[in-house]
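To keep things clear, I will list the structure first and then write my remarks on it.
Labels below follow one simple rule: chain letters A, B, ... track the order of the sequence lines, proteins then strands, and each chain is numbered from 1. Since the model is a prediction, treat every value here as computed from it, not as a measurement.
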Amino acid sequence: MNLLVAALCGILYFIGTSRLGYGLSQATGSPIFYGLILGLVYGEVEKGLIIGATIQLIYIGIIFTGGNMPADQSLAGIIAIPIALQTGMNVEVAVGLAVPFGILGIFIDQLRRITNSYWVSKAEKYAQVMDTRKIFHCAITYPTITIFLLTFTPVFVITLFGANAVTSIMNILPQGIIDGFSVAGGILPALGFAIIIMVIGKREIMPYFFIGFFLVAYLKVDVMAAAAFGFCVAALTMFNSIKQKQKEVN
Amino acid sequence: MNLLVAALCGILYFIGTSRLGYGLSQATGSPIFYGLILGLVYGEVEKGLIIGATIQLIYIGIIFTGGNMPADQSLAGIIAIPIALQTGMNVEVAVGLAVPFGILGIFIDQLRRITNSYWVSKAEKYAQVMDTRKIFHCAITYPTITIFLLTFTPVFVITLFGANAVTSIMNILPQGIIDGFSVAGGILPALGFAIIIMVIGKREIMPYFFIGFFLVAYLKVDVMAAAAFGFCVAALTMFNSIKQKQKEVN
Amino acid sequence: MNLLVAALCGILYFIGTSRLGYGLSQATGSPIFYGLILGLVYGEVEKGLIIGATIQLIYIGIIFTGGNMPADQSLAGIIAIPIALQTGMNVEVAVGLAVPFGILGIFIDQLRRITNSYWVSKAEKYAQVMDTRKIFHCAITYPTITIFLLTFTPVFVITLFGANAVTSIMNILPQGIIDGFSVAGGILPALGFAIIIMVIGKREIMPYFFIGFFLVAYLKVDVMAAAAFGFCVAALTMFNSIKQKQKEVN
Amino acid sequence: MSSNLDEIQKQRELTNRDLMKTYARWYLSVEVSNSYERLQALAFCNALSGSLKKLYKDDDQGYREALIRHLQFYNSEGTFGAVIHGVVLSMEEEKAKSKDSSDSLSEEVITGFKTGLMGPIAGIGDTLIWGTLKPIILALASSLALSGLFIGGIVPFLFPLAVILIGYGMMKSGYLLGKDSVTKLMKSGLINNLINSASILGLFMMGALSSTYIKVSTPLEFSFKNAEPIVIQDILDQILVGILPLAAVFGIYFYFKLRGQYYNRLIMWLIVISLITGFFGILQGS
Amino acid sequence: MSSNLDEIQKQRELTNRDLMKTYARWYLSVEVSNSYERLQALAFCNALSGSLKKLYKDDDQGYREALIRHLQFYNSEGTFGAVIHGVVLSMEEEKAKSKDSSDSLSEEVITGFKTGLMGPIAGIGDTLIWGTLKPIILALASSLALSGLFIGGIVPFLFPLAVILIGYGMMKSGYLLGKDSVTKLMKSGLINNLINSASILGLFMMGALSSTYIKVSTPLEFSFKNAEPIVIQDILDQILVGILPLAAVFGIYFYFKLRGQYYNRLIMWLIVISLITGFFGILQGS
Amino acid sequence: MSSNLDEIQKQRELTNRDLMKTYARWYLSVEVSNSYERLQALAFCNALSGSLKKLYKDDDQGYREALIRHLQFYNSEGTFGAVIHGVVLSMEEEKAKSKDSSDSLSEEVITGFKTGLMGPIAGIGDTLIWGTLKPIILALASSLALSGLFIGGIVPFLFPLAVILIGYGMMKSGYLLGKDSVTKLMKSGLINNLINSASILGLFMMGALSSTYIKVSTPLEFSFKNAEPIVIQDILDQILVGILPLAAVFGIYFYFKLRGQYYNRLIMWLIVISLITGFFGILQGS
Ligand SMILES: OC[C@H]1O[C@H](O)[C@@H](O)[C@@H](O)[C@@H]1O
Ligand SMILES: OC[C@H]1O[C@H](O)[C@@H](O)[C@@H](O)[C@@H]1O
Ligand SMILES: OC[C@H]1O[C@H](O)[C@@H](O)[C@@H](O)[C@@H]1O
C-alpha cells in the first residue's frame, strides 16, 4: 500500500487511541469515522462507511469498566477498512479480518498502562516539590509520546504490507469460507447488543428490549422510529415515577 | 355572484353565529358544514369539503374562554369557500384568503357583546316586575335580531361582489406567491394543534403527543387508528388511577 | 364412505373424547388434529387443516366449568371434515354442517357422566375392602369401555352413510344459502372469542383487547406478532405490580 | 343508582318535565345574550325563571328576589356548568319551603355556591368539552371530509348532541344530589383522573393530526460536481420523519408560551413567513 | 430453593417416584370417571390409593378410612388443583405417623382443607389454564394451520405437555411445602398478579384473533344517478377498520351477559341470522 | 435556580474561569495516564493542581499535602465523576480557609468522600454515559452510515460533546452545592429513576438494533417427493419473525452470564461456529 496512506492510518490510529479528551476516542477512533476518512481517500465513501459501521456495531456495547479495554474497535477498523477498500474485499470478509485485530489491540493498551505506572511514581516526586508543570508532563506529555510509538508503528507496518498478503490469501479462499464469514458478519453485532443488555438489562424492564425488537421485526420501522417511541416510553416512565414519589412524600 | 347564493351565505353565517343552542355553532358554523352545503350548491361537494376541512383544522383548537372569540372560523369559511368554488381558486390560496376574515369576525362578535349589555340592564327592570316573558325576549329574541343584522349584511355584500374582485387579483398573482400560500396552507393547521397543546398538554403526558405523531409518521396509520389506540391508552390510564386511588383509601 | 375411513373416524373420535390424560383431548380431539390426519388420508392436508382450524376457532373459548361440556368440538370436527374432504364441499358450508354436531355431542357426554355414577358407587364398596385394583378399574377401565361404545358407534355410522346424503343435499343448495353459510363461517369464530372475554375480560384490562384488535386491523401484523407484543405488555404489568407490592410491604 | 335517584325525585317539587324545560331554555340561550358585563347572567336567570315560579308559588316577594339574584354576574362552561343550575334549583326549593323559619337558607349561601363553583367548573368544562371533545369530533369530521366523504359535514353535529345529553344529565344530578355531593365530587380526585385521561386521548389525537395534516417540507438540494445531489429532506427523514411539521407545532407552541396567546398576530406572522420561504423555495406545502 | 426442597424431601416418606406415580394416575383419570354426582372424587381416590397404602403401611383401619375419605365429592381444576393432592398427602403422612397421639390430625381438617381450597383453585386454574393458556396455544395452532403448515396439527399437544409439567410441579410443591405455605400463597396478591397478567396476554390475543379470523363485511352499495355509488363498507372502514367483526364479538358478548350463556341456542341464532343476511346480500363472510 | 447558584458563586474563591481550566485539564487527561496501579490518580491531581494553588495561596505546606493527597488511587466515571472534583475543590477551599482553627476539615474527610463516592458514581456513569448514551449515539451514526450518508461519520462526535457539557455541569454543581447536596441527591431515588428510564430507552434501542442489524437466517429446505419443499425459514417466520437473531443475542447473553464475560474468547467461538454453519449451508448471513 501507498506509504502515505499507511502513515495516515498510523496517525488515525494514534489519534483514535491517544485518549486526549475523555470519550473523544469514541469519535476519533470510531470505525465509522475511519470509514468516512478512508472512504474519501479511496473515493469509496459509501463502502467505507458501511464497513466501518458494521465493525462499529460489533463493539457498540463495550464499556471500559475500571479502565480495562475488552477489545479494540479502532485497531479492528484501521486495519480492515483500508485493506478492504484497497483489495475490493466484500464487507463480511472485511469484518472477519477485523476481529483478530480487535483482540490484538488489547495488548497495546496493556503495554500503555504498564508504562504509565512509571509516570505516576515520577509525578509523586514532583508533587513533593510542587512542580506542577512536571506533573502535567507526567500526566499528559510523556504518556502521549509513548502511545504514539506504541500505536503508529504497528499500524503503519501492517497497512503497508498487509494488502498484498491479504490479496494472495483471498485468491485461494473457497466460497464456503466466504459464506462462513458472511454468517460471522451477520451474527457478530449480536455481541455488541448482548453486552449492553448485560449492563442495563434488569429483568423488570427487559420486555422493552423485545418490544423494540418486534417493532422492527413486524412493523419494519427504522431504528430512529424505535428511538422516538422508546424515548416517549422512557419519558412517561420517568414522569410517572417522579409523580409517584411525590405522592409518597405527601 | 348570484344574489341567491349571496343571500344563502348571509343566512348560513347568521345561523352559524347566532349561538342559539350551546355548541351548536360548532356544527352549523363549521367550515366543513359550509363546505358541504356550498359544495352541493356549486356541484363540487368534494372540493367544498376539502377547503372547509382545511380551514376547520386551523381553528380546531379554539376555545372561547370567558366568552372571548379569538378568531372567527365561520366568517373565514363563509367568505373563502364560495369564492373559491366560484373562481376555481386552489385550496391553499383559498385558505390564505380565509385567514384575514377569521380576524375580521372578531369585531362583529365584539359589537354583539357590547349591544348585549343593553338587554341585560333592560332585563333587570323586568325582573323587578317579574315579567319573565320580557326577560325571555331580552335573553333571546332581541339579541338574535341584532346578530342577524350584524352578520347577514356584511357577508351578503362581500360574497356578492367578492368573487369578481378576487378573480382579477388572482390573474396577476405570480407563482411564487401561490407557492407561499401553499406553504401557509400546509403550516397553518399547526396553529390549531399548538393551541390545544397549550390547554391540555401537561408535561407528564406530553409523550403521548409524540407517540401519536410518530405512530402516523412511521406506521402510516390513519387518524382514526390513532384515535382508537389513544382511546385504549386513555382508558387504561383511567382505570389504573382509579384502582390506585382505591388502594390508597383501603 | 370407505369402511376403513369410517372406522378411523370412529376411533379418532373415541381417542379425542376418551379423556385419558387431562387436557390431552384438547390435542387428540382438536379439529385441527383431525384435519391433519384426515387431510393426510385424503391427500388434501392443507384443506383439512383449514377446515379443522376454522372449526377450532369457534370452540376456542370453551371451558368445561364443573365438568359440563357446553359444546363438542370433536364431534363437530370428526363429522364435518371427512365429509367435506370427500364431497369437495367448501369450507364455509362444512363449518355450517359441523355446528349441529357440536351440539349433539353434548348428549353423548351427558350419557357418559350418568353411567359414571354407577362406577363411583361400585368403587365405594371396593374401598371398604381396600381393593385398589378394582377401584382403578372403576376409575379408568370401565368408563373407558363405556365411552368407546358411546363414541365409536354413532360416528362410524354417520361417516359411513353421511357423505352420500350430504352430496345429494348439496346439489340442490341454492347460492343464497351458500352465501349465508359463508357469513356464518365468518361470524362464528366471534363466539369463541366472546366466551373468553366473558371469562378473563375484567373491565380495567379490556382496553388490551382493543389494542390487540386494532394492532391487527390497522397495522396488519400477524397473530404471533400480537402475541409477542401482548407477552411483553403482560410481563411489564406483572413486574410492575410485583414491584409495587414490594414497595407497599417496605 | 338511577332507581335511587327516582326515589329522591318523588319527594321533590320539580318534575323531569320542569327540568327539561329549564335545560332547554338554558341550552338555547347560553351565549345569545352574553355581554362583557355580566356574561351568562341573563341566560341563567331566563333559564331558571319558570322553575323558580313553580317553587315560589305565590310568594311574589321571594320570586322577585330570586329573579334578581340570578341576574347577577355569572359565567361558567355551559355543559358541565349545568350542574350548578341543578344545585341552585335544589337550594331555591329548600329556601322557598322554609321561608319563614329562622334556619332558612340565606341568599348569600346560594350566591356563594354559584360564584364559588362557576370558576373551577369552567376550567373542567373548557378542558374536557372544548379542549378535548370538540377537537376530537371536528378532527374526525375533517378527516372524513378530506377523504371527500359527505358525512364529514354532518359529524360536527355530534358535538351539540353530546353537549345536550351531558348538560341535561348534569343539571338533573345537581338538582337531585344537591350541593354536598357536588362539592364532594369536586374534591375527590375523580375529576382530575377524567381530565387526565381525556387529555391523554386529546394529545394522542393532536399528535396524529399534526403528523397527518401539517404539510411542510423543504425542496432544498445541494449539488456537487460529479456526485449525486444531497437532498436535504432525505437526510431529515433519515433523522426523524416529520421533523419539520413537529418544528412548526412547537415553534408556535413556544411562541405562545413566551409571547402570550396573540392568535391573530401569529397567524399574520405565519403567512408572512410562508410567503417568503415559499417564494424562495426554502419550504413547500406538501 | 430447589436444593432447599431436596432437604425437606429427605425427611419424608414419599419419594419422587411415589409422587410421579400418583400424578400419573391422576393425570390419566381426572375426567374419565367424572360423574354428575361426585365429579372427580373417584379419580382423586384412585390417584392417591398407592401412596396412601405406603403411608399407612399395615394400619388397615387408617388406610380404609383414608380411601373412603377421598371418595367424597371433589372437584377442582386438574392442573393447579394437583397442589391439593400434594398437601393432602402431606397431611395424611402426618396423620398416619401420629395415629395414636391425641393431637392427631382429625379427618375434618383434611376434608376441610380439600373442600375449602378446591373452589378457589378451580377458579384460578380455569382462568389461567383453560381460559388463557389453552386458547393461546390453540390460536397459534389455528393460525399455523390456516397457513397450511402441518405443524399446526401438532402444536395443540403443547397444551397437555404444559399441563403435565405444571401439574406435577404443583403436586410436588404441595406435598413438600404443606398446607400453610399454600394458604399463604393464596392470600398473597401474587396469584392475582399472575391472573391479571395472563388475562392481559389473553385479551390481547383475543383482540388480535378477532381481528384476524372474524370475517364479515357488507356488500351494500347505494347508487345515485350520475354519481359514484356509495360503498357502505368504505365508509365503515373510514370510521373504524373492523367495526363489523367488533360488533359481532360484542353483540355475542352482551347477549351472553344479558341472556345467560346459552351457547348452543346462540349458535343456532347466529346461523339463522347469517343465512338471512347472507341470502339478502346484507353481509358477506369475508 | 441558576441565579441562585450565581449568588453562591460570588462568595467563593474559584471563578468560572478557574473551574473551566480545571475541567479542561481533567477532560484532556482522564485516561491518558491511566495505569493499573493508580488509575485516574495522576489525572485527578493534575486537573486540580492549578485551582489548589489558588486556594492555598502561599500556604506551601497545605498545597504540597493537597497535591500528594490527590495522587492517591482514584477511579470513577469521568463525566459524572467530575462532580467529585467539584465537591473536593469546595472542601479544599474550606480547609485552606480554616487551616489553623481546630475545626479544620481533616484530610480523612476529603479522602473519605472521594473514595466513598467514586464507586457508586462510576456505576451511575458507566450505565448512563457508557451503557446508554454512547451506544445510542453510535447506533444512530451506524444507521446513517449504513444508509451511505456521510454525516454518519460525524455523528459520533456528539458523544464527546455531551461528555464535555455534562461533565462541566457536574463539576460546577459539585463545587457550588458542596458535599451534602451531592450525598442527598445520591440517596434520593431520582438517580435511580433516571437510570431506569435511560435503561428503558437503551433496551428499546438495542431491541430495534438487534432486529435491524443482526442478519442470520437458515437456507435449509426439506424436499419430499411430489410435494413442495418445506422451507425451514418460512416456518420459523410463521412462528416468530427474527427468531434466529434473537437466539443469537440471548445465546451470547447467557454465555456471558454463565461463563463470565470473556469477550474475545467468545468472538473466536462465534467465528468458528459461523465458518462451520456457513460452510455447510446451515446458516447464512442475511
Ligand atoms: O468503570 C469506571 C471507570 O473506569 C475507568 O477509569 C475508565 O475506563 C472509565 O471510563 C470508567 O468509567
Ligand atoms: O371559559 C368559560 C366559559 O366562558 C364563556 O362564557 C363561554 O365562552 C363558555 O363557552 C366558556 O366555557
Ligand atoms: O371448573 C372446575 C373443573 O371442573 C371439572 O371438574 C373439569 O371440567 C375441570 O376441567 C374444571 O377445571
Side-chain angles (χ1 to χ4, degrees), chain C residues 19-20 22-24 26-27 30 32-33 36 46 49 53 56-57 60 63 67 70-71 99 103 113 116-117 120 123-124 127 130 132 135-136 139-140 143 176 179-180 182-187 189-191 193-194 196-200 205 208-209 212-213 216-217 223 226 230 234 237-238 241, chain E residues 27 29-39 42 46 49 64 67-68 71 78 130-131 135 138 141-143 145-146 148 153 156-157 159-160 163 193 197 199-204 206-208 210-216 241-242 248-249 252-253 263-264 267 271 274-275 278-279 283 285:
Chain C
R19 288 161 216 253
L20 285 164
Y22 188 65
L24 192 56
Q26 294 298 328
S30 163
I32 311 178
F33 180 65
L36 173 62
E46 190 161 339
L49 285 167
Q56 175 65 79
L57 286 171
I60 206 168
I63 301 182
V99 159
I103 302 174
R113 292 182 79 199
N116 273 343
S117 294
V120 182
E124 212 150 25
M130 295 169 295
T132 52
I135 293 181
F136 182 93
I140 295 182
D179 287 350
S182 162
V183 173
I187 285 185
L191 192 64
F193 309 137
I196 300 182
I197 299 176
M198 295 287 293
V199 180
I200 62 177
I205 54 175
Y208 290 112
F209 174 88
F213 186 92
V216 173
V223 168
T237 313
M238 176 92 142
S241 34
Chain E
Y27 176 72
S29 68
V30 185
E31 294 294 309
V32 174
S33 61
N34 194 312
S35 68
Y36 282 112
E37 211 189 329
R38 304 258 186 107
L39 288 103
L42 180 45
N46 177 48
S49 61
R64 181 184 305 117
L67 282 180
I68 295 170
L71 259 177
W130 294 88
L138 290 180
S142 303
S143 138
L146 287 168
F157 286 89
F159 180 65
V163 161
N193 275 353
S197 296
S199 302
I200 286 174
L201 174 54
L203 285 175
F204 213 98
M206 291 314 119
S210 300
S211 198
T212 311
Y213 294 123
I214 304 175
K215 295 203 188 310
V216 53
V241 173
V249 177
I252 296 170
Y253 175 81
Y263 206 82
N264 294 298
I267 287 197
I271 294 207
S274 299
L275 284 174
F279 192 89
L283 295 179

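Looking at E/Arg38, only its side chain comes within 4.5 Å of chain C, counting heavy atoms on both sides. Only the side chain of E/Val163 has a heavy atom closer than 4.5 Å to any heavy atom of chain C. Looking at C/Ile200, the atoms closer than 4.5 Å to chain E (heavy atoms on both sides) sit in the backbone and in the side chain alike. For C/Ile196, the part sitting under 4.5 Å from any heavy atom of chain E is the side chain, from C-beta outward, and nothing else. Only the side chain of C/Ser30 comes within less than 4.5 Å of a heavy atom in chain E; its backbone stays farther off. Residue E/Phe159 touches chain C through its side chain alone, counting heavy-atom pairs closer than 4.5 Å.
Of the listed residues (E/Asn193, E/Val216, E/Leu67), the greatest number of heavy-atom pairs within a distance under 4.5 Å of chain C belongs to E/Asn193. Among the candidates C/Ala184, C/Pro189, C/Ser117, the residue making the largest number of heavy-atom pairs closer than 4.5 Å to chain E is C/Ser117. If you tally non-hydrogen atom pairs under 4.5 Å between each of C/Glu46, C/Met130, C/Glu124, C/Gln56 and chain E, the highest count goes to C/Met130. Among the candidates C/Gly67, C/Ala71, C/Ser182, the residue making the largest number of heavy-atom pairs closer than 4.5 Å to chain E is C/Ser182. Top candidate by heavy-atom pairs under 4.5 Å with chain E, chosen from C/Asp179, C/Thr237, C/Val199, C/Val120, is C/Val120. When the candidates E/Ser35, E/Ala145, E/Gly131 are compared by the number of heavy-atom contacts under 4.5 Å with chain C, E/Ser35 comes out ahead. Chain C forms more heavy-atom pairs under 4.5 Å with one residue of E/Gly285, E/Gly207, E/Gly278 than with any other, namely E/Gly207.
Summarising the geometry, atom CG belonging to C/Leu191 is positioned 4.0 Å from atom OH belonging to E/Tyr263; distances are rounded to the nearest 0.5 Å. Note that OG of E/Ser49 and CD1 of C/Ile135 are 6.0 Å apart. Values are rounded to the nearest 0.5 Å.
Looking only at side-chain heavy atoms (C-beta outward), E/Phe279 and C/Val183 stay at 4.5 Å or farther from each other. Side-chain contact between C/Leu24 and E/Tyr27: present, with at least one pair of heavy atoms (C-beta onward) separated by less than 4.5 Å.
Considering all non-hydrogen atoms of both residues, C/Phe213 and E/Val241 come closest at CE2-O, 3.9 Å. Considering every non-hydrogen atom in both E/Ser29 and C/Ala139, the closest pair reads CB-O, 4.4 Å. When all heavy atoms of E/Asn34 and C/Arg113 are compared, the pair lying nearest together is OD1-NH2, 2.9 Å. Minimum interatomic distance between C/Ala194 and E/Ile252 (heavy atoms only, all atoms of both residues): CB-CG2, 3.5 Å. In terms of heavy-atom proximity, E/Ala248 sits nearest to C/Ala190 at CB-CB, 4.0 Å.
Residues meeting the side chain to side chain contact (heavy atoms under 4.5 Å, CB included) test with C/Ile205, sequence neighbours left out: C/Lys202, C/Tyr208, E/Asn196, E/Ser199, E/Ile200, E/Leu203. Checked against side chain to side chain contact (heavy atoms under 4.5 Å, CB included), E/Ser33 has the following partners two or more places apart in sequence or in another chain: C/Pro143, E/Leu42, E/Ala43.
Tested against C/Leu57, the residues E/Leu146, E/Leu138, E/Ile214 include a single side-chain contact (heavy atoms from CB on, under 4.5 Å) partner, E/Leu146.
Checked by atom type and distance alone, the side chain of C/Asn116 never pairs as donor or acceptor with a backbone atom of E/Tyr36 at under 3.5 Å. Proximity of a side-chain donor or acceptor of C/Tyr22 to a complementary backbone N or O of E/Val30 within less than 3.5 Å is not detected.
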